[in-house]
Amino acid sequence: MKNFLKTAVIAIVLVSILAACGQDSKSTNGDDKKVLVMGTSADFPPFETRDTNGEIVGFDIDLAKYIANELGYELEIKDMSFDGLIGALQAKRVDFVASGMSATEKRKESVDFSTEYHRSGEMFVTLKDSDITSIEGMNGKKIGVQLGTIQEEGANKIAEEIDLEVKTLNKVPDLIQELKSGRVDAVYLDKTVAQGYVKELDLAGFNDPNESTPGMAIAFPKDSEIVDSFTKVIDEMQENGELEKIAKKWLESEE
Ligand code: ARG
């Protein structure tokens, strides 16, 4: 009986290990090239957005393509809501996330991050004729934020201090639409993204005086074995000018 139990336990352990291997979303295609599945929320120009053909393009896409290519992987992109990205990593439905995600200490409890590849700060976007030019000026107003972002957290914190109504939506373009139609008075965004909208749609805004937010990094399931190789390629891109090239292509016009 004891021996039987031992065998049974070993069998169960073996089966679970095999099952765990099978769950890995890295797969191979016909050419035997390994595929990496990337999760993103393609609502965040210039980092990830859809072009007129509906194709997902942007800074993060070029970055991920370059890294995948360097490491000999093919890239498959899954568009999902930003709010679901951490969960997708934890469930290993994606191998990594490149989505303008800030590498916060809180997120580090549930996912791993590469080295940071961009730092932008944050901004409050308003209509051009708005009288809101400071955080205090938002007293009695409504602010729009994207679900699951550090801005949602930040806005909720501000709302503890002043009378501020926080409206949470899933997609950034919808937040901008709310602003334009007057259903919110301001939208809280990463500065690089905010500057793009301000310029394109002739809006206004002011910088978040709090500059302590971490930079953007690529996220992975905890203990993923590809984190270090990604960081290594990003470091190389910093040295050989490739990162600068991508930044020039997508960001320069907004500075
Ligand atoms: N940087 C912010 C955060 O990490 C917002 C990122 C939103 N990204 C997106 N693709 N919509 O919380």
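Predicted model, so just to flag it, every value in this text is computed and none were measured. Computation of the quantities below employed the complete heavy-atom set of this structure, encompassing side-chain atoms and omitting hydrogens, waters and symmetry-equivalent molecules. Atoms within a ligand are numbered from 1 in the order they appear, just like the ligands themselves.
In terms of protein heavy-atom proximity, atom 8 (N) of ligand 1 is nearest to S99 O, 2.8 Å. The single protein non-hydrogen atom nearest to atom 6 (C) of ligand 1 is G100 O, 3.3 Å, given as residue, atom name and distance. Atom 5 (C) of ligand 1 has its closest protein heavy atom at D190 OD1, 3.2 Å.
Residue contacts with ligand 1: T149 is placed with no nitrogen or oxygen under 3.5 Å of a nitrogen or oxygen of the ligand (distance criterion only). Geometrically, ligand 1 and M101 share no nitrogen or oxygen pair separated by less than 3.5 Å.
Taking every heavy atom of I150 and a limit of under 4.0 angstrom, the matching atoms of ligand 1 come to 2 (C), 3 (C), 12 (O). Contact atoms of ligand 1 toward Q151: 2 (C), 5 (C) (distance under 4.0 Å to a heavy atom of the residue). Under a 4.0 Å criterion applied to the non-hydrogen atoms of D43, ligand 1 contributes the atoms 9 (C), 10 (N), 11 (N). Distances below 4.0 Å separate heavy atoms of Q146 from the following atoms of ligand 1: 7 (C), 9 (C), 11 (N). Interface atoms of ligand 1 facing S102, defined by a heavy-atom separation under 4.0 Å, are 1 (N), 2 (C), 3 (C), 4 (O).
T149 places none of its side-chain heavy atoms less than 4.5 Å from the side chain of Y188. Within the 4.5 Å cutoff, no side-chain heavy atoms of L147 are placed close to those of F82.
In the model, N210 has a side-chain atom that pairs as donor or acceptor with a side-chain atom of S212 under 3.5 Å. For the residue pair Y73 / D95, no side-chain donor-acceptor distance below 3.5 Å is found, with atom types taken as modelled.
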Pair Q146-T168, side-chain contact (heavy atoms from CB on, under 4.5 Å): steps then yes or no: CA-CA 6 Å; Q146 183 176 31; T168 312; over 6 Å; no
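Note on D62 versus K245: no salt bridge recorded, every NZ/NE/NH1/NH2 to OD/OE distance being 4.0 Å or above.
Remark: E239 CD to D235 CG distance equals 6.5 Å, nearest 0.5 Å. The CG atom of D174 sits 8.5 Å away from atom CG of N170, with the distance rounded to the nearest 0.5 Å.
Residue contacts with ligand 1, taken as heavy atom pairs separated by less than 4.0 Å, do not involve K171 at all.
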